[in-house]
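Below, all heavy atoms of this structure are taken into account, side chains as well, without hydrogens, waters or symmetry copies.
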Amino acid sequence: TVQFLESGGASVEAGGSLRLACAASGITSRNYFMAWFRQAPGKEREGVAQISYRGGSTFYAESVKGRFTISRDNAENTLYLQMNSLKPEDTAMYYCAAVHLFQYSGPWSAPAEYKYWGQGTQVTVSS
């Protein structure tokens with residue numbers, strides 16, 4: 001059974017930091033593109049960042065460039081998102097997602113590109 005379990009979400013003040021983690025099971029994560037998405041109430045799910053299956057390539061939404069860093073540990077089958085200088089507009093449910101490298105065609109920020117999803121972890125940033 002393929003499963004993704006996110007953790008690390010919390011309520012923080014603006015300017016603070018959080019580190020999200022996504023533990024994958026049931027897949028060999030080194031064969032998968034992995035990404036973080038977020039969805040705020042009343043808004044569409046949006047791509048935050050993606051990392052290639054070997055970790056050599058990353059993409060970020062313009063709104064988080066310079067503040068967020070995506071990384072992965074394939075030995076541990078875990079995906080991370082380091083979030084610094086958090087803003088109230090970063091408030092959302094954050095999801096990790098994955099797609100096998102042979103099934104991926106892009107664009108990286110399209111939710112339909114990803115086959116597997118976690119259940120989400122809530123991030124709330126207060127001003």
Legend entry - ring pair (Phe, Tyr, Trp, His ring centres under 6.0 Å) between F33 and Y104, intermediate numbers included: CA-CA 8 Å; F33 286 87; Y104 172 71; 4.4 Å; yes

Inset, instruction - Kindly indicate, with the supporting measurements, whether the criterion side chain to side chain contact (heavy atoms under 4.5 Å, CB included) is fulfilled by S17 and Q82. - result: CA-CA 8 Å; S17 297; Q82 178 66 43; 4.1 Å; yes

Inset, instruction - Check whether any side-chain N or O of E113 sits under 3.5 Å from a backbone N or O of G106 as a donor-acceptor pair, and report yes or no. - result: yes

Inset, instruction - Evaluate the side-chain proximity of Y94 to M83: yes if any heavy-atom separation is below 4.5 Å, no if none is. - result: yes

Inset, instruction - May I ask you to check whether D73 and T78 show a side-chain donor-acceptor distance below 3.5 Å? - result: no

Legend entry - Validation row: R67, K87 side chains within 4.5 angstrom (heavy atoms): yes

Inset, instruction - May I ask you to test the Q119-L5 pair for a side-chain heavy-atom distance under 4.5 Å? - result: yes

Inset, instruction - Check the hydrophobic clustering (I, L, V, M, F, W, Y; side-chain heavy atoms under 4.5 Å; chains of links allowed) and say if F102 and V99 are grouped together. - result: yes

Legend entry - Y80 six-ring centre to R72 NZ/CZ under 6.0 Å and within 45° of normal: no

Inset, instruction - Calculate, to the nearest 0.5 Å, the distance between atoms CZ and CG belonging to R30 and L101 respectively. - result: 11.0 Å

Inset, instruction - Quick one: do V12 and L18 satisfy side chain to side chain contact (heavy atoms under 4.5 Å, CB included)? Show the steps, please. - result: CA-CA 8 Å; V12 297; L18 285 174; 3.7 Å; yes

Legend entry - Any side-chain heavy-atom pair of Y53 and N31 under 4.5 Å: no

Inset, instruction - Could you tell me whether a side-chain N or O of T58 sits under 3.5 Å from a main-chain N or O of I51, the two making a donor and an acceptor? - result: no

Inset, instruction - May I ask you to decide if G120's main-chain N or O and E6's side chain share a donor-acceptor pair within less than 3.5 Å? - result: yes

Inset, instruction - Flag this pair as yes if the NZ/CZ of R38 is under 6.0 angstrom from the six-membered ring centre of Y95 and inside a 45 degree cone about the axis; otherwise no. - result: no

Inset, instruction - Taking all non-hydrogen atoms of both residues into account, name the closest pair between S85 and D90 and its distance. - result: O-OD2, 4.5 Å

Inset, instruction - List the steps and the verdict of side chain to side chain contact (heavy atoms under 4.5 Å, CB included) for C96 and Y116. - result: CA-CA 8 Å; C96 65; Y116 299 111; over 6 Å; no

Legend entry - For A14 against P88, the heavy-atom pair lying closest together: CB-CD, 4.1 Å

Legend entry - Between OG1 on residue T124 and CD on residue E13, distance to nearest 0.5 Å: 13.0 Å

Inset, instruction - For residues V123 and L20, determine if any side-chain heavy atom of one lies less than 4.5 Å from a side-chain heavy atom of the other. - result: yes

Inset, instruction - Can you see which heavy atom on F68 is nearest to which on V48, and at what distance? - result: CD2-CG1, 3.7 Å

Legend entry - Shortest non-hydrogen separation from A49 to Y60 and the atoms involved: CB-CD2, 3.6 Å

Inset, instruction - Mark yes or no for whether N77, through its side chain, and S29, through its backbone, hold a donor-acceptor pair below 3.5 Å. - result: yes

Legend entry - Side chain proximity check, K115 to V2, heavy atoms < 4.5 angstrom: no

Legend entry - From H100 atom NE2 to Q103 atom CD, the distance as rounded to the nearest 0.5 Å: 7.0 Å

Inset, instruction - Dump the intermediate steps for ring pair (Phe, Tyr, Trp, His ring centres under 6.0 Å) on F37 and W117, then the final yes or no. - result: CA-CA 10 Å; F37 284 77; W117 292 83; 5.0 Å; yes

Inset, instruction - For the residue pair F59 and I70, establish whether any side-chain heavy-atom pair is separated by less than 4.5 Å. - result: no

Inset, instruction - Determine whether the side chains of N74 and E76 contain a donor N or O and an acceptor N or O closer than 3.5 Å. - result: no

Legend entry - Between Y114 and Q50: side-chain donor-acceptor atoms closer than 3.5 Å: yes

Legend entry - Sub-4.5 Å side-chain heavy-atom contact between Q39 and E46: no

Legend entry - Step-by-step side chain to side chain contact (heavy atoms under 4.5 Å, CB included) determination, M34 to F4: CA-CA 11 Å; M34 298 189 75; F4 292 81; 3.6 Å; yes

